[in-house]
Structures are given as C-alpha cells and as structure tokens.
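Computed from a prediction, not measured in an experiment: that's the story for all the values here.
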Amino acid sequence: MSKEKKYGWVLFALCILSLFLFIGETSFHTRGEPREAVVALSMLQDGNWILPVNNGTELAFKPPLFHWLIAVFSTVTGAVTEYTSRMPSAVALAVMVLAGYVFYARRRGTEVAFLMGLITLTNFEVHRAGTNCRVDMLLSALMVLALYQLYKWGEKRLQGIPWLGVLCLSGAFLTKGPVGVLLPCLVVAVFLWIRGLNFWRIFFSFFGVVLLSCALPACWYLAAYRQGGDRFLQLVLEENVLRFLGKMSYESHINPLHYNFLTVLSGYVPYTLLALISLFFLKYKRIQSKPQEWWIRFKTYIRHMDDARLFSLLSIVVIFVFYCIPKSKRSVYLLPIYPFIAYFLAEYMIYLIRNHRKAITLFGTLVGSLSVLLFVAFIAVRCGIVPDTIFSGKHAAENIAYMHALKDISMDWKWLVVLLPLAAVYVFFKMKSTKRETPVLYAVAGMAFTLFMALDGFYQPTVLNVKSDKPVAEKIAELVPEGRLYSYRTDVYLANRTHPFTINFYLGDRIVPFDVFLPDEGYLVVGASDVEAFGEAYPDYETHLVYDSKRRSCDDHKVVRLYQFKLRKE
C-alpha cells in the first residue's frame, strides 16, 4: 500500500472517531438545531418533501437538501433524532477533509495534506459546525468540493464539462441558495484570469457551468412556487437578496466589519495560539523599500507562486472579502475558507518545526497543560471540593446545576473518554525530545483531537443536557399526550412567532401559534412573562395553570408554563 493511501485510511479512521461516535449524546439545547430538524420531521409526518410546513405555519427558510438528507437518514433508523439530524453535517465534514487530503497530497505532498486534514478536524469552528444540525457545514463542504473540481477543470484548460463540480454546485444551491454556485465559480475564474487565460473564454465557460448548476435547483424552486406562491417568492427574496443588501424586514446577524476577522481568529482555536506564540520566534527585517517596490515584489511573488498555493490563497481572500460586504455576518459564513487556512497552517507548522522548534513545543506544552487542568478541575468537582457558593448572580442556579451534573453522573466507560487527553499529553512529552519532526506535529494535533473527543463524549453532553428543554417537553407529553398545543409570544415579529423550537421538536411538531388558529379551548405553552399579556390580548379566554417547569427555556430564557384555556361562555 502506498504512503498516500496509508495516511488516507488513518485520516478516514480519525474522521469516524471524531465525528460519528458522540453526535447523538447531546440533546438539542439551542433554538437553531431543532428548527432545522423539525423540517425533516414535518417531511416524514406529512409526506411533503417540496415545501413542508412546521409549527403549523412556518416555511423552511432554506432550500431542502439538508432536510432531505436528515429525512433519509431518519427513515433508515426509524425516527428523527439528534444523531440523524447531525449526520449530514458530520458526513459533509468527513468528505471535505478526505477530499482536501487527496487534493493536496497529489499537489503539495502527503505530509502537508495529512497535517492539513488534522488541522481542519481539530479547530473549534469547523468541529462545532460538523457536529451540529445546521446547514452551514453541508453548504461549506459542497462549495469546497466544487472549488477542487473546478480547479481540476482549470488544469485541463476548461476542456469538457466538470460534471462532478456541477453536481456539487447544484447541491450547494439546494442547501442555501445561489451563493453556493456563484462564489466557487468566482474564485476559480479569478485564479484562471490571473494565470493568463483569456477573460471571455473564462466568462462564457463559467456562465455555462452556472446555468447547468441551476438546472436541478430550478426544478425544486418551480415546484415550491406552485405550492407556496407569492409567500414563497417573498421568502426567497428576503433570504437571498435583501439579506445581502441589508434590507431585510427584520434584523438578522448585523455585525461590523471587524467581526469577520475576530471570528476567524477565535474559530481557529487552538491554532490561533500557535500563530501568536510563533511571532516571538520569527526574525524580522527592517522595512527600507518604498510602497511601489512592495507592490512590484508582491506581483512577482504571485506570478511565481505554485498554482495550488495561489488557488488556496484566492479561495481565502475572495470568499472572505465577499462576506465582508453584507451587513449580515456570521462566523459560519466563513467556513469555506477554513480548509485553505488549514493548508497554509500545515505548511507553517512544518516550517516552524524545522526552523523554530521551540514555538511548536511551547504551544504543545500549553495545550497539554489545558488538558491536565480540565481533568484536575473535573476531579475537584467530582470529589466535592468546589462549593456551590463559588457561583453568584442570576445564572448561579444554572451553573450549580451544571456542576452537580458533572459530580453525580455515572461514569463507567466514560472514564476512558475523560482520560484520552491525558494519554495524548503523555505521548506528546515522549515525542517532544525526539529529533524526528513530523511525529511532534502529529502529537500536538493529537492533543487537540482527544480534547475535542473528551468534550463531545463526556463534558458537553453532561453539562448541556441540563440546559435542554427536552425534560420539559417530556413532562408536557405526559400531561397532553396527543393533539395540538398552542404558543403565545409578545417579543417577536409576527413573521417569527414559532419560537419554542426545542420543545416543539421533542413534542413531534405539535405546537402552533395561538393567534393563527384562535381555538375555543386547548393547551397553551407560554413563557411566565407572557401570561399576563395573553390575558389582556384575549380577555374572553379563561386559563388555569397545569404545569410550571420552574426552569428557563434554552430557546428564549423564559420560564416555561403549560396552561389549559377555554373560551368563556356568554
């Protein structure tokens, strides 16, 4: 077996261990994940795979490929669960990592490619997206795969049709809209133009690719329009045009320009720490040349840069600049640039281990120290050394509940997961003194890898399951085992009334907005702060309390209550 294949199989095994062992352990505890999962649940319950309606009234805000995949995985297992809902993201990340490995192994060497794959797997933003039920990882993976395929098409001087690239672009379109087609084409077109290919040939070639990539999505958009009409068109306009122009009917993730820089720096933890440490080990030359000379040197550098490196650089720059334009900014929008940053980080780490080894060993020592401190803190909590009085303020009760969950949980096999980071620390310190270079780099990445495994397999589910509304939903299901339930809210736009996403998912999509249906009687799921407002808005109804959860919802931080209501008789 060749070296390339051996490393590829190792990376495949690491993807399985990192992404598929624990994605079902953590209950939904934010409103984003169940909001996506309930769309797939609605597809399976109602049989509408084109334009499903959930929460009684809401259309999905995104095209359906992500939800189709959840529904397919859930059909195999028999139910929509946390595991099946996160499967599309995990599969997408694994494929993206392995495709990136193959791409760079053949162009920049196996060592760089393997390290690039490890870094992609073990930075915070990518790992979080790959284990969440959100559309962003699938979109990013399809865009990155399309970039690789279009680059390979460019290597052939645009001969033939890049059918696999077209399929990836179509999938990206069906995941989150036209941006999934336009951005990869723009990146590769700019690359080929810089490399001297005729502008009009590039333009018409990519115009054809864009048209082909829109064919499959157009079929869905037409079918969805026939079902949703003008309401669907308005949603498409809002999400794909008005969001980019900053003219949405409601504010959505409005952030300043520097937000994108900060999110990339924080998203690349722990490797951001390595970049900062290395600055103290590099040698700097005094700047003496003029700006015009800088520009000449820069153009010369670009002209002589390896094609794969220039392509990677442009993938970062073009996508980053594009997402700086709209007012709406989120950290996950920048996920497509993370594999390409990982490539440059891999080259940089190899440079450091060969020329400034102390920077790598210092970084590894700090990561190892964090792993040891996490374990020590856990043992302190487990032994009851940390008192409840350490917490104060309005979140004290929640923090105490988190700590008690860590203290009281049954461990059994979980000790193996908790001890994994310590084993990785031991391996690193054994490798640190060796003269070999790559084992030290792999040992450093291994510490980050096992730290994420410990978080995913033990710490995160233990703590965050306390935060989840799942127990509240289970109690409501006992009290009202079937039929609709109604929600009422006072602090959201009319277009976004379907807010108790977590409870609604665990109740099987049974909650609908009260003001849309105005029933004569039924059960109302409402925040404690909204009960009085409901009585003022609907004085003809009488209510009585059935269940007070006495805990704040993970969706909107309101204490959840269940009331039975009935229209007063005249």
Side-chain angles (χ1 to χ4, degrees), residues 14-34 36-37 81-90 93-94 121-134 136-137 266-270 331-332 335 367 370-382 386 391 395 398-425 446-471 501-502 505-506 551-555 557:
L14 293 177
C15 287
I16 298 298
L17 291 172
S18 176
L19 300 174
F20 296 98
L21 292 185
F22 305 119
I23 55 173
E25 294 294 314
T26 305
S27 300
F28 291 143
H29 57 279
T30 62
R31 63 191 182 189
E33 288 194 282
E36 302 294 349
T81 64
E82 296 94 341
Y83 193 96
T84 60
S85 299
R86 293 165 180 151
M87 273 285 284
S89 296
L93 176 51
L121 270 179
T122 56
N123 68 77
F124 171 75
E125 191 67 55
V126 172
H127 184 80
R128 179 179 66 168
T131 54
N132 268 12
C133 175
R134 301 299 295 268
D136 305 288
M137 190 68 252
S266 60
Y268 243 102
V269 169
S331 61
V332 290
L335 279 169
V367 174
L370 289 174
S371 297
V372 173
L373 284 174
L374 177 63
F375 179 76
V376 170
F378 169 64
I379 294 300
V381 169
R382 193 75 180 173
V386 183
F391 300 109
H395 299 298
E398 293 177 6
N399 292 329
I400 291 171
Y402 299 155
M403 187 174 70
H404 284 187
L406 288 169
K407 179 182 177 182
D408 300 332
I409 188 171
S410 175
M411 291 299 293
D412 48 73
W413 62 269
K414 295 185 178 72
W415 279 113
L416 178 63
V417 180
V418 170
L419 292 171
L420 268 178
L422 298 184
V425 171
M447 286 190 292
F449 179 85
T450 55
L451 193 54
F452 278 118
M453 284 198 69
L455 290 172
D456 292 342
F458 176 70
Y459 293 108
Q460 179 174 289
T462 302
V463 170
L464 295 181
N465 286 351
V466 175
K467 180 183 176 183
S468 175
D469 289 344
K470 185 175 182 178
F501 304 120
T502 305
F505 171 79
Y506 286 117
R551 58 182 290 166
R552 300 194 306 165
S553 169
C554 60
D555 282 351
H557 307 295

Novice: Are the side chain of Tyr268 and the backbone N or O of Glu125 linked by a donor-acceptor pair below 3.5 Å?
Specialist: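 Not confirmed, Tyr268 side chain does not pair with Glu125 backbone.
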Novice: Do Phe20 and Met87 touch side chain to side chain, with heavy atoms closer than 4.5 Å?
Specialist: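 They are in contact (side-chain heavy atoms under 4.5 Å apart), so the answer is yes.
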Novice: Does any N or O in the side chain of Asp136 come within less than 3.5 Å of the main-chain N or O of Ala129, such that one atom is a donor and the other an acceptor?
Specialist: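 Flag not set: sc Asp136 to bb Ala129 has no pair under 3.5 Å.
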Novice: Going by ring-ring contact (aromatic ring centres under 6.0 Å, His included), name the residues that satisfy it together with Tyr402, two or more places apart in sequence or in a different chain.
Specialist: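 For Tyr402, no residue satisfies ring-ring contact (aromatic ring centres under 6.0 Å, His included) once neighbours in sequence are set aside.
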Novice: Taking side chain as C-beta onward, heavy atoms only, is Pro421 less than 4.5 Å from Phe375?
Specialist: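 The answer is no; the side chains never approach within 4.5 Å.
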Novice: Taking all non-hydrogen atoms of both residues into account, name the closest pair between Val372 and Val425 and its distance.
Specialist: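 Looking at all heavy atoms of both residues, the shortest contact is CG2-CG1, 4.4 Å.
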Novice: So, for Ala401 and Val466, which heavy atoms are closest and what is the spacing to 0.1 Å?
Specialist: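 Nearest pair, atom of Ala401 first, then Val466: CB-CG1, 3.8 Å.
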Novice: Arg382 side chain to Leu406 main-chain N or O, any donor-acceptor pair under 3.5 Å?
Specialist: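 Answer holds: yes.
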Novice: Quick one: pull up CD in Glu25 and CD in Gln460 and give me the separation to the nearest 0.5 Å.
Specialist: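 Rounded to the nearest 0.5 Å, the CD-CD separation comes to 10.5 Å.
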Novice: Check Ile23 against Ala90 and note the closest heavy-atom contact, atom names and distance.
Specialist: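 Heavy atoms only, the tightest pair is CD1-CB, 4.3 Å.
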Novice: Which pair of non-hydrogen atoms, one from Val367 and one from Ala448, has the smallest distance, and what is that distance?
Specialist: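 Distance-wise, the nearest heavy atoms are CG1-N, 4.5 Å.
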Novice: From Asn132 CG over to Met137 CE, what is the distance, rounded to the nearest 0.5 angstrom?
Specialist: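 If we round to the nearest 0.5 Å, Asn132:CG and Met137:CE are 11.0 Å apart.
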Novice: Would Phe452 and Ser18 count as a side-chain contact (heavy atoms from CB on, under 4.5 Å) if you check the C-alpha gap in whole Å, the side-chain angles of each, and the deciding distance to 0.1 Å?
Specialist: CA-CA 8 Å; Phe452 278 118; Ser18 176; 5.6 Å; no
Novice: Can you see which heavy atom on His557 is nearest to which on Arg552, and at what distance?
Specialist: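 For His557 and Arg552, the tightest heavy-atom pair comes out as O-CD, 3.3 Å.
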Novice: Side-chain donor-acceptor pairs under 3.5 Å in residues 408-417, sequence neighbours left out?
Specialist:
unit_1: Ser410; atom_1: OG; unit_2: Asp412; atom_2: OD2; d: 3.3

Novice: Are any non-hydrogen side-chain atoms of Pro270 and Met447 less than 4.5 angstrom apart?
Specialist: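 They are not in contact (no side-chain heavy atoms under 4.5 Å apart), so the answer is no.
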Novice: I'd like to check Val386 versus Met403 (side-chain heavy atoms, cut-off strictly below 4.5 Å). Are they in contact?
Specialist: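 In short, these two side chains touch, coming nearer than 4.5 Å.
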Novice: Go through the steps for Tyr506 and Asp469 under the test side-chain contact (heavy atoms from CB on, under 4.5 Å), then give the verdict.
Specialist: CA-CA 9 Å; Tyr506 286 117; Asp469 289 344; 5.8 Å; no
Novice: Would you say the side chain of Ser27 lies within less than 4.5 Å of the side chain of Glu82, judging by non-hydrogen atoms?
Specialist: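 Yes. Closest side-chain heavy atoms under 4.5 Å.
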Novice: OG1/Thr450 to CG/Leu419 distance, rounded to the nearest 0.5 angstrom?
Specialist: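 If we round to the nearest 0.5 Å, Thr450:OG1 and Leu419:CG are 11.0 Å apart.
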Novice: Less than 4.5 Å apart, side chain to side chain, heavy atoms only: is that true for Val418 and Tyr459?
Specialist: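 Result yes, sub-4.5 Å side-chain heavy-atom pair found.
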Novice: Mark yes or no for whether Ser85, through its side chain, and Pro34, through its backbone, hold a donor-acceptor pair below 3.5 Å.
Specialist: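 The answer is no, because no donor-acceptor pair under 3.5 Å joins these two groups.
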Novice: Is a donor on one side and an acceptor on the other found under 3.5 Å between the side chain of Ser468 and the backbone of Phe28?
Specialist: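 Side chain of Ser468 to backbone of Phe28: a pair is present.
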Novice: Taking the side chain as C-beta and beyond, is there a heavy-atom pair between Asp456 and Leu21 under 4.5 Å?
Specialist: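 They are not in contact (no side-chain heavy atoms under 4.5 Å apart), so the answer is no.
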Novice: Any chance you could lay out the side-chain contact (heavy atoms from CB on, under 4.5 Å) test for Glu36 and Arg134, step after step, and finish with the verdict?
Specialist: CA-CA 7 Å; Glu36 302 294 349; Arg134 301 299 295 268; 4.2 Å; yes
Novice: I need the His29 NE2 to Ser553 OG distance, nearest 0.5 Å.
Specialist: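 His29 atom NE2 to Ser553 atom OG measures 12.5 Å (nearest 0.5 Å).
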Novice: For Val126 and Leu121: C-alpha separation, side-chain torsions, deciding distance, then whether side-chain contact (heavy atoms from CB on, under 4.5 Å) applies.
Specialist: CA-CA 7 Å; Val126 172; Leu121 270 179; over 6 Å; no
Novice: Any luck finding a side-chain donor-acceptor pair between Thr502 and Asp555 under 3.5 Å?
Specialist: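 There is such a pair (donor and acceptor under 3.5 Å, judged by atom type) between the side chains of Thr502 and Asp555.
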Novice: Roughly how far, to the nearest 0.5 Å, is CG of Leu451 from CG of Leu370?
Specialist: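 Taking CG in Leu370 and CG in Leu451, the distance rounds to 7.5 Å.
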Novice: Taking all heavy atoms of Pro471 and all of Arg551, pick out the closest pair and write down the distance.
Specialist: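 Minimum heavy-atom separation between Pro471 and Arg551: CG-NH1, 4.0 Å.
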Novice: Is the closest side-chain heavy-atom distance between Thr26 and Asn465 below 4.5 Å?
Specialist: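 Heavy-atom side-chain distance check passes, below 4.5 Å.
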